[in-house]
Amino acid sequence: MKNYTARNFLEMLKYMLFSHAASAMIYIAFFSSAEESYVSSGKLEELHFLLLIISLATFVISAVVMLKAHHGNSEKKMNYLNATYDGGNERKVSAVTALKESLTVALANLLFQLPMVVFFTVYGYRYSDSSVLETLYICDIGVYVFFKSAIIGALTIAFLWFAVYFLGVLVFIAPIWGIGRIRRKGEPTKPEENPQDAYYRHTFKNTYKVFYALRKFAISNLIAFGIFFIASFIFAAIESEMSPAAAKIFYGVFYAVVFYFVHGYRRDSSYFPHEKKFSLTKETAAVFREEIVYYLFIFLPLALVCEIFCFVYTGTSPAEAILRFVFPFYGVINVPVLRSLVNIVWACAVVLISITLKSAAKHRKVSRASKYRR
């Protein structure tokens with residue numbers, strides 16, 4: 001606990017430095033040449049949109065990585081468990097902990113942005129003639145340009161960090177920490193259980209299934225975007241040979257493959273207890289009841305956000321670009337509400353088919369093993 005606040009603040013600054021450096025390297029490797037072509041052809045609106053996408057993608061990836069690291073931090077977990085050892089005060093402790101952590105992240109982000117806020121206020125963004133400092137802060141410049149003010153942009157980014165981190169710690173991390181608790185004050189000692197095993201045990205009893213769905217959703221999207229950024233030139237070549245509708249379907253199928261492998265990781269059983277023959281109908285009904293319902297809690301709000309952005313933007317909106325793998329049909333279907341319904345159905349179908357196929361494969365593997373068992 002000694003000097004915890006100072007150490008935690010320095011740790012947040014370290015993450016800010018790493019996230020900015022990573023986005024700068026990716027920008028130099030894949031997008032710096034695109035910026036020059038946009039500037040030379042006078043397509044500044046397209047360039048501003050690209051910078052905003054880089055800002056949003058960096059924020060989402062950094063937030064997930066930092067919350068994951070927060071969840072795995074043994075000191076922070078022990079502090080929370082000790083504070084809730086007496087029982088009955090979990091909500092209060094969770095709220096106070098989330099508030100302190102989110103304020104630390106927001107202040108660290110504001111402090112880290114100060115050099116670029118001053119530079120942008122004085123010189124603006126110099127586009128293809130950018131300096132090392134501007135490149136390091138490329139993930140912030142998109143927001144500055146969007147608001148046409150570094151001060152408003154910096155405050156917006158810091159507020160987003162505060163809101164996301166507060167909700168992440170309060171709604172997800174603190175309850176998951178509570179799952180792995182060995183005992184409370186006055187309770188009998190129970191055999192120690194691996195937190196990962198406890199997480200899966202409670203998850204498949206539907207206690208925290210929404211956390212499981214969010215986790216799989218976030219991991220599959222991060223992997224999809226990671227592959228997309230690393231092999232962006234390959235994706236660009238494939239997309240150039242396709243019609244817009246075919247390219248959208250390609251991205252949707254690509255995400256379905258990624259989700260199939262992500263969701264099937266460490267899962268060795270089906271959702272319905274089949275006997276000898278695998279029943280597709282019973283398995284589908286069980287998957288819908290046990291998991292698709294929870295994914296709808298994710299897809300419905302995201303589709304609403306996309307629908308709102310469609311009315312604000314005339315072209316491809318930031319929400320559509322970020323969710324291009326999950327909701328591939330925005331831009332192809334231009335009928336309001338219908339496009340969201342089609343994308344929700346598609347996203348649910350991807351989840352349903354992926355889980356059912358994995359269940360069938362696992363059942364077939366177990367059946368073949370039992371057939372030759374003596």
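As a basis for the values below, the full set of heavy atoms in this structure was taken, side chains included, without hydrogen atoms, waters or symmetry mates. Numbering starts at 1 and runs along the sequence shown.
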- Message: Would K358 and Y260 count as a cation-pi pair here, with the cationic atom under 6.0 angstrom from the ring centre and within 45° of the axis?
- Response: yes

- Query: Can a cation-pi geometry be assigned to R324 and Y251, taking NZ or CZ under 6.0 Å from the six-membered ring centre and within 45° of the ring axis?
  - Reply: yes

Run the side-chain donor-acceptor check on residues 152-174: report pairs under 3.5 Å with partners two or more places apart or on a different chain.
| residue | atom | partner | partner atom | Å |
| --- | --- | --- | --- | --- |
| T156 | OG1 | I152 | O | 2.7 |
| Y165 | OH | H70 | ND1 | 3.3 |

- Do the rings of Y255 and F325 sit parallel, tilted or perpendicular, given the 30° and 60° boundaries? parallel

Can you name the closest pair of heavy atoms from [X] and [Y] and give their distance?
{"X": "Y295", "Y": "F217", "result": "CE2-CB, 4.4 Å"}
{"X": "C310", "Y": "Y330", "result": "SG-CD2, 3.8 Å"}
{"X": "T58", "Y": "S19", "result": "CG2-O, 4.0 Å"}

What's the spacing between [X] [atom1] and [Y] [atom2] if we round to 0.5 Å?
{"X": "S94", "Y": "W177", "atom1": "OG", "atom2": "CH2", "answer": "9.0 Å"}
{"X": "I292", "Y": "C348", "atom1": "CD1", "atom2": "SG", "answer": "5.5 Å"}
{"X": "R7", "Y": "M12", "atom1": "CZ", "atom2": "CE", "answer": "12.0 Å"}
{"X": "M66", "Y": "E11", "atom1": "CE", "atom2": "CD", "answer": "8.0 Å"}
{"X": "L52", "Y": "L47", "atom1": "CG", "atom2": "CG", "answer": "11.0 Å"}

- Query: Any side-chain hydrogen bond (donor to acceptor under 3.5 Å, both in side chains) pairs touching residues 107-123, not counting sequence neighbours?
  - Reply: N109-Q113, Q113-Y144

- Apply side-chain contact (heavy atoms from CB on, under 4.5 Å) to the pair D140 and H20, showing each step before the final yes or no. CA-CA 9 Å; D140 298 324; H20 281 69; 2.6 Å; yes

Can the ring centres of [X] and [Y] be said to be less than 6.0 Å apart?
{"X": "W346", "Y": "F329", "result": "yes"}
{"X": "F112", "Y": "Y137", "result": "yes"}
{"X": "Y125", "Y": "F120", "result": "no"}

- Query: Is any side-chain heavy atom of H48 closer than 4.5 Å to a side-chain heavy atom of F146?
  - Reply: no

